[in-house]
**Student:** 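Take a look at the following structure, please.
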Amino acid sequence: PVALKHGAHRVGKRTDADMAKWRSYGLGQFIHWGLYSILEGKYNGKYYNGAAEWIRSWKEVPHAEYDSLYKQFNPENFNPTQWAKMAKQMGVKYVTFTTKHHDGFCLWPSQYTQYTVANSPYKKDIVKQVVDAYTKEGIDVYLYFSVMDWSHPDWRTDLKTKEDSVAFDRFKLFTKNQLTELLKMYPQTKGLWFDGTWDTSWKKSGAFSDSLEQHLKSLIPGLIIGSRLRADEFGNRHNDANGVLMGDYEQGWERKIPKTYADVHGNDWDCVMTIPENGWGYAEKWLGHWKTSYECIEMTTQCVSLGGNFVLNFGPKADGTFRPEEITVAKEMGDWMKVNNAAIYDCEYANCEKQDWGYFTKKQNDDKIYMVVFNVPINGSLKVKLPKNTSIGKASLLQAPSTVLSTEQLDYNASYIQLPKGMKPTSPFVIVIDTKQQSQVETEQKAKT
Ligand SMILES: COc1ccc([C@@H]2N[C@@H](C)[C@@H](O)[C@H]2O)cc1
């Protein structure tokens, strides 16, 4: 291995209680809200076909026009308690909220720039209201922060000249100051979700990113920071020069889900996902396919079955209200989670990959295994290839524990589970299987022969 000063300082997953809590979440909410929400993905009657929160980068939008939008920002209908209650009903365990996106507009009254909500007609501290309302509902709060800041004169995408480096040194101090004030003002924060760290200027700032991470963790012990913050001294991101993850979990799964367990390389990870095909901030027109609650339930299950968390994004309008499609997805997911959350919360990879009928999840620190069923074969018999060294003790319906399902062992590693006659599932359902470990099975097998 390469000797690294600013590579990973830990190999393998964090083993502390704060990270165990993060690992138990299963389902989270992302919220993207800011000045881009005012434009709604269009300008001068033309629709931007990029992600709505990137509209400032569209050639049709003069920067001065965009940067003066703060003078209109006044979300009178913003009701953080309603937001938090919608999230609670949906069944999310944590929320990740945009404090500052790439445009640099701060939703908290930062003392390090004038470009904040304090200087908008709204005036009040939005981050504080979100942190307090979600914390009150028992939902942990994580803060999204974009390092790249288009509004700051000292931002650089690369460091080509001495002047670049002098300016970027000022920018790095500004960034450290803003992050320090965020953690001091909102000490309930459980973690930071960094973005905007792909540019060369940041890749050349590995030592700084390392000291910054250590500084932030000294302010809130147990703070959880993913793999998008750091670069090592060679400019590697996510994994250092030795292929070891820098950060408490892998943040590479944006709008995509790992196919197999091998893809997650033994790391903790989250998948952040949009309901439309792409676009995080509010857009009047959602181009392409909009995910249904059924698809979001399947993605949640897929992520938990591979040991990760699924974080679904909501983009409120400039006035603070959510669009009907998002309200519906939240409600329908919540209705499903109310009945089936045992297979999502505190669950992990069950040492078995996806099968025709659906996904396995396993209760953390327990032998209980859940089968989340999305496809029932025409003959009503689920063919179940079991996790290694396990066999079915008893199979029953999570929502009707007294309904025990008949099982037929095919060989020591597969069984049929028969659904009750007449069961016509209309939504994904969960089978709980109490498993027996291989040693027990062998003993019984031997007894039979
Ligand atoms: C293709 O490049 C990007 C760069 C930034 C993003 C941002 N990350 C998401 C979490 C949103 O904040 C999006 O604007 C998306 C795609």
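Residues: numbered from 1 along the sequence shown. Both ligands and their constituent atoms are indexed starting at 1 by order of listing.
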**Student:** Answer yes or no for Arg323 and Trp286: cation-pi contact, defined as NZ/CZ to six-membered ring centre under 6.0 Å and angle to ring axis within 45°.
**Tutor:** yes
**Student:** With a 6.0 Å cut-off on ring centres, are Tyr142 and Tyr94 close enough?
**Tutor:**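 When the ring centroids of Tyr142 and Tyr94 are compared, they turn out to be within the sub-6.0 Å range.
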**Student:** With heavy atoms of His102 as the reference, note each atom of ligand 1 found under 4.0 Å away.
**Tutor:**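 Close to His102: 5 (C), 7 (C), 14 (O).
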**Student:** Considering only protein heavy atoms, which is closest to atom 13 (C) of ligand 1, and at what distance to one decimal place?
**Tutor:** Glu53 OE2, 3.3 Å
**Student:** Taking ring pair (Phe, Tyr, Trp, His ring centres under 6.0 Å) as the criterion, tell me which of Trp54, Phe322, Phe314, Tyr144 meets it with His32.
**Tutor:**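 Option passing the ring pair (Phe, Tyr, Trp, His ring centres under 6.0 Å) with His32: Tyr144.
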**Student:** In the protein, what heavy atom is nearest to atom 8 (N) of ligand 1, and what distance, to one decimal place, separates them?
**Tutor:**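 Minimum-distance protein heavy atom for atom 8 (N) of ligand 1 reads Asp195 OD2, 2.7 Å.
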**Student:** For the rings on Phe30 and Trp193, is their centre-to-centre separation under 6.0 Å?
**Tutor:**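 Yes, close enough.
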**Student:** Answer yes or no: does an N/O atom from Trp193 fall short of 3.5 Å to an N/O atom of ligand 1?
**Tutor:**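 N/O-N/O distance under 3.5 Å: no.
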**Student:** Any idea which protein heavy atom is nearest atom 9 (C) of ligand 1, and the distance to it?
**Tutor:** Glu254 OE2, 3.4 Å
**Student:** Does the gap between the ring centers of Phe73 and Tyr70 come in under 6.0 Å?
**Tutor:** no
**Student:** Please check if a non-hydrogen protein atom sits closer than 4.0 Å to atom 16 (C) of ligand 1.
**Tutor:**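 Protein heavy atom within 4.0 Å of atom 16 (C) of ligand 1: present.
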**Student:** Which one of Trp280, Tyr144, Phe30, Trp54 has a non-hydrogen atom at the shortest distance from atom 3 (C) of ligand 1?
**Tutor:** Trp54
**Student:** Identify the residue among Asp18, Asp16, Asp248 that makes a salt bridge (Lys or Arg N to Asp or Glu O under 4.0 Å) with Lys217.
**Tutor:**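 Of the listed residues Asp18, Asp16, Asp248, the salt bridge (Lys or Arg N to Asp or Glu O under 4.0 Å) partner of Lys217 is Asp248.
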